[in-house]
Amino acid sequence: NCSGLGYWTVKVLTPGVHTQQFNFSDQIAYAYNTVASDVCDQGDADTLCVVNTIHGVHNNSVLYFHNLTIQNGGALRNQTTSTDPNAIITFNISANNIIIESGGRIEGNVFINASNLTVLTGGLINVTGTGYAGGWSSTAGNGPGGAQARTLSSVAGSGAGYGGIGGNGGSDTGKAGSSYGSITAPTNLGSGGGGGDVAGGNGGGVIFLNITDTLNATGNLIAIGGNGADATGSDAAGGGSGGSIYIIAYNLTGSGDINATGGKGGDGGSTALGGGGGGGRIAVYYTAKEFTGTIQAFGGAAGGAGGGAGS
């Protein structure tokens, strides 16, 4: 509803996070944009971008490509770190066609929008252990389903929950993590296992795929919870819960593994076994399907109590 003269400017943004303020008669709004450095080893983002080395990606980056191919040895990896154990670290990819060849991978919590996504045999999208952090020695795991701190210093840590509940550690009861989140549209991170004398496993991360034509998942999509640490002769830790895999695709093909299983409880001897993490959550929507692979969100195994199956 502006009736006066408008002004415009062009600025080339350097890599990093940028904020733009809009002020219309003292009505203020903000736009946020994260610009990633060039990740193409060959070609360019406007035609065909080929990635054959490992490239770190900033948290909250949005990467745009016309066509993207990740070859053997190549990776887009979110290397952002945080001292906050509850930090949510993700990045976004938008493209027409994406191919992940054998030995190529995407690592870190990721939201992908594309016309076609092909993950070939040996290709990988992996968010294992990129969820909420596990607890340190004797402390609770982080996240909505984080295992509580152990009751006694002489028992093992319990498993975290998400799609399924966590398993109790050793002789401890009532400390395993509970379930949470959406069954139909899962985008939560998995939670962290409880610490024993060692650290609990991190939760699994999140993979969201919105593919308007064909998703070929011949390679693997993995959001497994981290394992609780072993502690020979002392008290082991609980496993992290599995993460989220949320897929919307017109055609679903391939023969790979779509996996959000909970992390294994640690081994600490016959009386100090960590509880397994609960399974994560997987939701897959499609119009046509020729997929012959596996879809699983089992609870993590444990010498104590295993984690509950996810959804």
Side-chain angles (χ1 to χ4, degrees), residues 85 126-136 139-150 155-181 183 186 188-207 220-231 235-245 257-282 294-311:
N126 185 16
V127 297
T128 294
T130 61
Y132 293 107
W136 292 99
T139 63
N142 295 280
Q148 299 178 44
R150 60 185 181 171
V155 296
S158 295
Y162 175 29
I165 62 173
N168 289 315
S171 59
D172 214 353
T173 59
K175 300 300 180 183
S178 57
S179 61
Y180 59 95
I183 295 175
N188 291 99
L189 302 177
S191 292
D197 290 333
V198 287
N202 295 343
V206 57
I207 299 170
N220 297 331
L221 313 178
I222 306 296
I224 296 173
N227 294 334
D230 295 334
D235 302 310
S241 55
S244 295
I245 302 177
D257 185 26
I258 300 174
N259 194 330
T261 294
K264 175 183 174 293
D267 186 358
S270 60
T271 60
L273 302 169
R281 296 194 186 275
I282 300 174
T294 56
I295 299 176
Q296 53 189 329
F298 296 120
S311 63

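Worth saying up front: this structure is predicted, and the values here are computed from it rather than measured. One is the number of the first residue; the rest follow in order along the sequence.
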*What's the spacing between I295 CD1 and I258 CD1 if we round to 0.5 Å?*
4.5 Å
_Pairing residues for N220 by the side chain to side chain donor-acceptor pair (under 3.5 Å) criterion, not counting sequence neighbours_ = none
*Kindly give the heavy-atom pair with the smallest separation between Y162 and S244, and that separation in Å.*
OH-OG, 2.7 Å
*How far apart are the closest heavy atoms of A260 and G243, and which atoms are they?*
CB-O, 3.6 Å
_So for atom CD1, which belongs to I207, do other residues, nucleotides or ligands contribute more than 12 heavy atoms lying within a distance under 6.0 Å?_
yes
*Where is the tightest heavy-atom contact between G193 and A147, given as atom of each residue plus distance?*
C-CB, 4.1 Å
*Short side-chain to backbone donor-acceptor contact, D197 and D235, under 3.5 Å*: yes
*asked:* Working to the nearest 0.5 angstrom, can you tell me the gap between I282 CD1 and I183 CD1?
replied: 13.0 Å
*Distance from Q296 atom CD to I245 atom CD1, nearest 0.5 Å?*
9.5 Å
*Who pairs with S179 by side chain to side chain donor-acceptor pair (under 3.5 Å), at least two apart in sequence or on another chain?*
none
*Which pair of heavy atoms, one from S241 and one from S191, lies closest together, and at what distance?*
OG-N, 2.7 Å
*Would you please name every residue forming a side chain to side chain donor-acceptor pair (under 3.5 Å) with N259, sequence neighbours left out?*
D257, T261
*Do you know which two heavy atoms are closest between Y180 and N188, and how far apart they sit?*
CE1-CB, 3.9 Å
*How long is the gap from CZ on R150 to CG on N168, to the nearest 0.5 Å?*
14.5 Å
*Under the side chain to side chain contact (heavy atoms under 4.5 Å, CB included) rule, what do K264 and I224 come out as? Steps first, then yes or no, please.*
CA-CA 10 Å; K264 175 183 174 293; I224 296 173; over 6 Å; no
_Taking every non-hydrogen atom, the tightest pair across G274 and A236_ = N-CB, 3.9 Å
*side chain to side chain donor-acceptor pair (under 3.5 Å) between R281 and S311, worked out*: CA-CA 5 Å; R281 296 194 186 275; S311 63; 2.9 Å; yes
*Which residues satisfy the side-chain contact (heavy atoms from CB on, under 4.5 Å) test with S178, sequence neighbours excluded?*
none
*Mind checking what makes side-chain contact (heavy atoms from CB on, under 4.5 Å) contact with A133, not counting sequence neighbours?*
P85, N142, N202
*Please name all residues satisfying side-chain contact (heavy atoms from CB on, under 4.5 Å) with Q148, sequence neighbours left out, ordered by chain then number.*
K175
